Amino acid sequence: MTTLIQEVEPEPDSAIKRWLVSDRGATISAAVLFLVMWQLLTLFAPRVPTPWAVVKIMWIEVTGGDYGSVRRGEFWNHYAATLQRYAYGLAIGFTAGVLVGALIGASNIARALISDTVLVLLALPAFVWAFLTTMWFGIGWQAPVLTVAFTAFPFVAVNVAQGVRAITPDLRHMSTAFGVTPVKRFRHLILAGITGYVFAGLRFAMIVSWNGVLLSEWFNGQVGVGFRTRYWFDANRYPGFLGWVISFIIFVVALDRLVLTKLQARAFRWRKTNDELDKELLATVG
Amino acid sequence: MAKVTVSKLAKLFPPPIKGGDVVRAITNIDFEVDGNVFVSIVGPSGCGKSTLLNILSGVDTPTSGSVTVTEAGKPAKLGYVFQDARLLPWRSVMDNMMYVRDDASEESVANAAKYLSMVGLDHTHEMFPGQLSGGMQQRVGIARAFSVEPDLLLMDEPFSHLDAMTARSLRDHLQDLWSRTRKTVLFVTHDVMEAVQLSDRIIVLAPGGVIYDDISIDLPHPRKASDPKVATLQAEILGQFENMQIPAVE
Amino acid sequence: MAGVLVDSAEASALGTAAGLRRRRYLALVTGWVGFVAIWWLLSVWMDSDARLPSPGRVWDEVWIIFNGDPTNSRNDGGIFWNNFLASVIRVLLGFVVGVAMGTPLGFLMGRNRYWRAFLKSPVMIAGSIPGLTYAVMVLVVFGISFVGPVLAIGLISMPYIAINVAEGVGGVDKGLLNMSRSFGRSEKQMFRDVVVPSVLPFIFAGVRLSFSLAWKVGQLTEVFGASQGIGFQIRRNFQLFNMPAVIAWIGLFIIFMLVLERFVLVRIERKLFRWRQWEREG
């Protein structure tokens, strides 16, 4: 029972043991363990494809092959289509989010009038937008783009509003007292103050709206990552299905770890550590 | 009637930086405490007061020498008051008192209530620690330590985190409680005035962990801070410290 | 942006606290009335139930969902409670699963550096996986079932609970553990009276944090594979192209999510952790 309370730090002796208990060693061990468990699972559950079967079919999807396609693989077409919609949707949602967020943050009246609506939008799951936009616009590019925009918008708005409100009257009074020029004030007080919040909002928005674009393509589409995943799913070809699922998970995790987290940490370097930001991400995506 | 014997006690710590000197927390000290007396251990910070208390309570072990705490030949039962109150915030005051008891009999409850009453906390049994002021929390901590009926009571700067007014009133509370119960107490503090008001004997430690002085205070208990005799003695002893020579440690 | 700079002046000009409350209340009501009015005007302008039904039309649909369709001879007397309860029970059971999985992981992560490094990446990745993944994976593995959505909710809430428990375990007050040892408390007593009460609020915070996400993913799994539940009803009416019913169910979905989150969860938390209200800062 003592071990539940006291921190246990193993004393590594050999070099291999030292590597195994290092942070990198632990992460790699976790990945290896995952692969082993997956392979073992396929022995008991025949519907679950083996890692190797997934790699094989994804190789064909990426490079093109004898699946009735002589072009370069399907993979690139679908990702190109999805990423284009994702980018347009984010641009719309982000712009609207910054404008509305600034308005809510700056004016008490605007906040009372529209912040409830933004909270309701925040509570709406992405599949609702996928359905509504499909019913409004039918099959086409509009539904995925607008689904992304609608899911991204409230996350950006809420964060920007928070950022604007974080610029306290004290700092504004200080600026007035020292006669800081409006240009300097905008740059050092307002812009520098809200940049971190804008990035935080963008990060959360990008993660949730990735789910949105996939869902929308799943229900409505003739092209795209979500569509192709469903294609394999409907065909009962689980290696292809699982391969695409893994590809879109890798995409969003890499996007977050390699790009968004770093950008956000840079913009917020005066405020928080990465671990705190991760926790905040978990809190806000919900 | 606990008996505390400290003989040739030394405690060394490894150097804080590589190639530095070994840290001497305590260097060869001897003393003995016998009977129901209130003993203060006084000294500037870094003179080994807390280390000494940790060794006495068994949290830490000495590098050399020995420490024994006995009650009529058997190991003594200890009670503690810490710098902060250390109450479970999710338990009521009464539940905190009962937490350190081994049984939940009516007797134990009555005993806990008795000590709470002695520190003037009759109406707080069902309150949570967060609802009490810092001084009241520390009073619960003191009542808790007395309520286990220890043979030896160890107190580690219990008033150092409180504001001056609160600390003053708590010292009076402690004097009152001690006069009625007369336990053996080892009280660690850096405040000479406090030590003079409370104790029968003051052991003064100097940096490096050596005994610099051992003073007896012969005044009747309970003593009030406002008592002119206490104030005179405080001034006198404080005067001795003004030209305190820090002995060289070999 | 200049608006930012007049905020405090604006606030003080509004006068007394009561006046401020009245104004805020007025603005809130205006906001909602304005919302419904704009909705109504748009629906009149579009004049298409399939595109944007009027608020009145959606209200009729809500009435039918609660009370059944009077024009239908096989009046079922309302389908709301069956579907609502199905969704709520899944979410609750899902949280039980999530707490059961997340708590031990959190304990491992909180007390041991190696396990923290080992579990950190998997837990963070689990937290950013699109909800679609959980919904379709449980459909593949379990088919249309009761277990599937419950497991999906458990999996989605697990990382939040694990991370919170880890923080809670790391933050157990060392002073209280020391005090307990000084007074000769047993390890079992310390676990029950010190460790569990310190960690419990963190478990609950994990549940609260993941609640809206779990509720969303729960509905999503119902969209993909269920025969009952709010998500299932939204999907069914989407396929029937019944826009008024889709909007009615979405409205009910939001209202009940907010009610559960704001009133039920907050109230339970307040009751369980009464002692925290008086805890001092720092």
Side-chain angles (χ1 to χ4, degrees), chain A residues 1-10 21 23 26-27 29-30 34 45 47 102 105-109 112-114 116-117 120 123-128 131-132 135-136 164 167 169 172 186 190 207 210-211 214-215 218 226 233 238 241 245 248-249 252-253 256 278-279 281-283 285-286, chain C residues 1 3-5 7-8 10-11 24 27-28 30-32 34-35 50-51 107 111-114 117-122 124-125 127-133 136-137 140-141 159-160 163 172 177 187-188 190-191 195 209-213 216 219-220 223 234 238 241 243 246 250 254 257-258:
Chain A
M1 203 58 102
T2 321
T3 48
L4 283 172
I5 295 156
Q6 282 168 337
E7 177 111 344
V8 180
E9 299 285 352
V21 299
D23 282 9
T27 307
S29 319
F34 173 76
R47 278 174 100 180
S107 145
N108 281 326
I109 293 171
L113 280 177
I114 47 183
D116 268 6
T117 315
V120 166
L124 274 177
F127 76 86
V128 161
F131 286 171
L132 286 179
M135 290 169 94
W136 286 333
V164 172
I167 303 166
R172 278 181 241 147
F186 180 75
I190 297 171
I207 290 171
W210 181 241
N211 187 38
L214 297 173
L215 268 171
W218 180 285
F233 178 78
Y238 292 121
F241 165 72
V245 167
F248 69 60
I249 293 176
V252 72
V253 170
D256 182 44
D278 279 345
K279 212 168 140 349
L281 163 77
L282 289 175
V285 170
Chain C
M1 265 321 161
V4 177
L5 301 172
D7 192 19
S8 61
E10 191 185 307
R24 187 166 297 158
L28 254 157
T30 316
W32 282 107
F35 174 76
R51 284 279 169 92
F107 262 98
R111 66 160 239 254
N112 186 306
R113 208 178 58 85
Y114 176 73
F118 187 90
L119 292 168
K120 196 183 168 231
S121 300
M124 279 314 298
I125 288 172
S128 46
I129 288 177
L132 169 68
T133 319
V136 290
M137 291 306 285
V140 168
V141 178
Y160 299 80
I163 285 188
V172 173
L177 294 177
E187 293 288 335
K188 197 179 133 203
M190 281 158 70
F191 186 71
V195 179
L209 275 181
S210 56
F211 175 78
S212 71
L213 185 64
K216 287 178 187 175
Q219 304 319 304
L220 187 62
V223 165
I234 295 176
F238 166 69
F241 238 78
M243 187 57 119
V246 169
I250 291 172
I254 294 175
M257 179 171 132
L258 294 180

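So you know, we letter chains A, B, ... as the sequences are listed, proteins then strands, and number each from 1. As the structure is a prediction and not an experimental result, all values here were calculated from the model.
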With a 4.5 Å cut-off on heavy-atom pairs, point out which of C/V246, C/L258, C/T30, C/V223 contacts chain A the most. C/V223

Here the gap from C/I129 atom CD1 to A/W210 atom CH2, rounded to the nearest 0.5 Å, amounts to 14.0 Å

Less than 4.5 Å apart, any side-chain heavy atom of C/P130 and any of A/V252? yes

Heavy-atom pairs under 4.5 Å with chain C, option from A/F131, A/F233, A/F34 with the top count: A/F131

Bottom line for A/W136: the part with an atom under 4.5 Å from chain C's heavy atoms is both

Over all heavy atoms of both residues, which pair between A/T27 and C/S121 is shortest? Give the atoms and the distance, please. CG2-OG, 3.4 Å

Please state whether the side chain, the backbone, both or neither of A/L214 comes within less than 4.5 Å of a heavy atom of chain C. both

In terms of heavy-atom proximity below 4.5 Å to chain C, should A/V245 be classed as side chain, backbone, both, or neither? side chain

Tell me the closest heavy-atom pair linking A/M135 and C/R51, and the distance in Å. O-NE, 4.3 Å

A/L124: partners by side-chain contact (heavy atoms from CB on, under 4.5 Å), with sequence neighbours left out: A/L121, A/V128, A/W129, C/I250, C/I254

Who are the side chain to side chain donor-acceptor pair (under 3.5 Å) partners of C/W32, not counting sequence neighbours? A/D116

Minimum-distance pair of heavy atoms, taken over all atoms of A/P125 and C/K216: CB-CG, 3.7 Å

